[in-house]
Participant: 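Encoded as C-alpha cells, here's the structure I'll be asking about.
All values reported here derive from a predicted model rather than from experimental measurement. Nothing fancy with the numbering, it's 1 onward along the sequence.
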Amino acid sequence: MTSTRVMTRGVVFVHSTPAALCPHIEWALESILGLDVSLEWTDQPVAPGLVRTEFSWAGDAGTGARLASALRGWDHVRYEVTEEPSAGTDGSRWSHTPSLGIHHTWTSASGDAVVSEDRLRSALMASGGDPQEFRAEMAELLGTAWDQELEPFRYAGDGAPVRWLHRVG
C-alpha cells in the first residue's frame, strides 16, 4: 500500500525574542523544515531590546506541530505557529507566551477557532451550570488570555515582510 503525502502550509510568527536566541531559533526551524533558514529580524517596538520575525512555510501535514514544539523550550519567546487545513487534517494554531506557556486550538479554513463537541461538553460539565464559570472555561478553550497578551505584539508586526520557505522532497 502506498501512502500519499498530504502537503500544507502555514506561518511562524516570532513576536518577540532576545536577539541572542535568533540563531538558535533558526537552527531549530532548520531541523524541522530540512532546509537552511535565514530570517530577517526587526526590532519589536512593543518591547525595546527584543526582535521579531515571521515567515511562511510549506511542508507535510503536521509540520506546524513540530515547529511549535521546536520553539517551545525557550521561555523568553512569544510566538505563534499556524497550519492551514489540508486533506483529512484540520487547521491549527499554537500560541506561546512566557507567562502562559503554549496553547493549541484547531482552526477553520477562515482562521476561526474551532471547539469540538467533546471539549464543549467537558467545559459545560466543569462549569457545573454556572454561567460565569462556563465563560471562563470557554475563554480557556479559545485561548483568550493568549490573544490578549499577544495582540500588541501582533499589531507591531503589521506591514512586516513575510518570506516563504518550502521544504523540498
Side-chain angles (χ1 to χ4, degrees), residues 1 3-17 25 28-29 31-33 44 46-47 50 52-160 162 164-167:
M1 183 164 134
S3 70
T4 304
R5 290 177 65 183
V6 177
M7 301 298 287
T8 189
R9 61 186 180 174
V11 181
V12 173
F13 302 92
V14 178
H15 294 298
S16 70
T17 185
I25 290 170
L29 299 176
S31 73
I32 302 303
L33 295 170
Q44 173 49 272
V46 172
L50 300 179
R52 66 168 320 282
T53 193
E54 58 189 65
F55 68 94
S56 296
W57 57 269
D60 294 330
T63 298
R66 292 189 294 279
L67 290 168
S69 293
L71 296 175
R72 190 173 183 187
W74 295 294
D75 292 336
H76 302 291
V77 181
R78 285 178 186 85
Y79 67 87
E80 290 180 278
V81 177
T82 65
E83 180 170 313
E84 292 183 5
S86 55
T89 306
D90 294 326
S92 285
R93 181 178 66 234
W94 295 265
S95 304
H96 179 272
T97 73
S99 64
L100 298 170
I102 196 162
H103 181 270
H104 171 259
T105 190
W106 290 282
T107 57
S108 68
S110 63
D112 293 328
V114 175
V115 180
S116 71
E117 62 184 88
D118 286 340
R119 293 180 87 186
L120 284 171
R121 283 189 186 103
S122 178
L124 189 55
M125 291 290 291
S127 72
D130 179 344
Q132 284 297 99
E133 187 58 34
F134 184 69
R135 278 190 208 98
E137 292 287 330
M138 289 306 300
E140 176 72 22
L141 287 175
L142 295 172
T144 301
W146 285 263
D147 284 338
Q148 288 172 340
E149 187 170 328
L150 290 172
E151 191 59 28
F153 294 90
R154 292 173 181 148
Y155 180 74
D158 282 353
V162 176
W164 279 95
L165 297 179
H166 301 276
R167 182 168 48 181

Participant: Between R52 and Y79, is any pair of side-chain heavy atoms under 4.5 Å apart?
Facilitator: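 No; the side chains remain at least 4.5 Å from each other.
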Participant: Just so I know, are the side chains of L67 and L29 near enough to count as touching, which here means a heavy-atom distance under 4.5 Å?
Facilitator: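 Yes. Closest side-chain heavy atoms under 4.5 Å.
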Participant: Quick one: does any side-chain atom of E83 pair with a main-chain N or O of G62 as donor and acceptor, under 3.5 Å?
Facilitator: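 Side chain of E83 to backbone of G62: a pair is present.
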Participant: Check whether any side-chain heavy atom of W57 sits under 4.5 Å from a side-chain heavy atom of T8, and report yes or no.
Facilitator: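 W57 vs T8: side chains touch.
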Participant: Indicate whether the side chain of D118 and that of S116 have a donor and an acceptor atom separated by less than 3.5 Å.
Facilitator: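 No, no side-chain donor-acceptor pair sits under 3.5 Å.
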Participant: Take R93 and V81, measure what side-chain contact (heavy atoms from CB on, under 4.5 Å) needs, and give me the verdict at the end.
Facilitator: CA-CA 6 Å; R93 181 178 66 234; V81 177; over 6 Å; no
Participant: In terms of ring plane angle, is the pair F13 and H15 parallel, tilted or perpendicular, where the classes change at 30° and 60°?
Facilitator: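 F13 and H15: parallel rings.
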Participant: Does any non-hydrogen side-chain atom of T53 lie less than 4.5 Å from one of I25?
Facilitator: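 Counting from C-beta outward, I25 and T53 never come under 4.5 Å.
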Participant: Using every non-hydrogen atom in the two residues, find where G111 and T107 come nearest and quote the distance to one decimal.
Facilitator: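 Closest approach of G111 to T107: O-CG2, 4.0 Å.
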Participant: If I compare all heavy atoms of D147 with all of L142, which pair ends up nearest, and what's the gap?
Facilitator: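 Looks like OD2-O, 4.1 Å.
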Participant: Hey, mind stepping through V14 and W74 against side-chain contact (heavy atoms from CB on, under 4.5 Å) and telling me if it holds?
Facilitator: CA-CA 12 Å; V14 178; W74 295 294; over 6 Å; no
Participant: Between CD of E151 and CZ of R154, what distance do you get to the nearest 0.5 Å?
Facilitator: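 E151 CD to R154 CZ: 5.0 Å, rounded to 0.5 Å.
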Participant: Side chains of M138 and T144: closer than 4.5 Å at any heavy-atom pair?
Facilitator: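 No; the side chains remain at least 4.5 Å from each other.
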Participant: Is any side-chain heavy atom of E140 closer than 4.5 Å to a side-chain heavy atom of E137?
Facilitator: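 Not touching, per the 4.5 Å side-chain cut-off.
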Participant: Quick one: do T63 and R66 satisfy side chain to side chain donor-acceptor pair (under 3.5 Å)? Show the steps, please.
Facilitator: CA-CA 5 Å; T63 298; R66 292 189 294 279; 3.1 Å; yes
Participant: Taking atom types as modelled, is there a side-chain donor on S122 or R119 under 3.5 Å from an acceptor on the other?
Facilitator: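 Side-chain D/A pair, S122 to R119: absent.
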Participant: What's the spacing between E54 CD and E80 CD if we round to 0.5 Å?
Facilitator: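 CD of E80 is found 10.5 Å from CD of E54.
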Participant: When you measure from the side chain of H96 to the backbone of A68, do you find a donor-acceptor pair of N or O atoms at a distance under 3.5 Å?
Facilitator: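 Answer holds: no.
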Participant: With under 30° as parallel and over 60° as perpendicular, where do the rings of H103 and W146 fit, or are they tilted in between?
Facilitator: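 Judged by the thresholds at 30° and 60°, the geometry between H103 and W146 is tilted.
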Participant: Give me the atom names and distance for the closest heavy-atom approach of S92 to W94.
Facilitator: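 For S92 versus W94, the nearest heavy atoms are CB-CH2, 3.2 Å.
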Participant: State whether a side-chain donor-acceptor pair under 3.5 Å links S16 with R78.
Facilitator: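 Per modelled atom types, S16 and R78 side chains form a pair under 3.5 Å.
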Participant: With a cut-off of 6.0 Å (strictly less than), are more than 12 heavy atoms of other residues, nucleotides or ligands near NE2 of H104?
Facilitator: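 It does: H104 NE2 has more than 12 such atoms within range.
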Participant: How many angstroms lie between atom CD1 of I32 and atom CG of D60, to the nearest 0.5 angstrom?
Facilitator: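 So the CD1 of I32 and the CG of D60 are separated by 12.0 Å.
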Participant: Heavy atoms only: give me the nearest V11-S56 pair and the separation to one decimal.
Facilitator: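 Looking at all heavy atoms of both residues, the shortest contact is CG2-OG, 3.5 Å.
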Participant: Heavy atoms only: give me the nearest E149-P98 pair and the separation to one decimal.
Facilitator: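 So the two residues come closest at OE2-CD, 4.1 Å.
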Participant: Using every non-hydrogen atom in the two residues, find where F134 and L120 come nearest and quote the distance to one decimal.
Facilitator: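 Nearest heavy atoms, F134 then L120: CE1-O, 4.4 Å.
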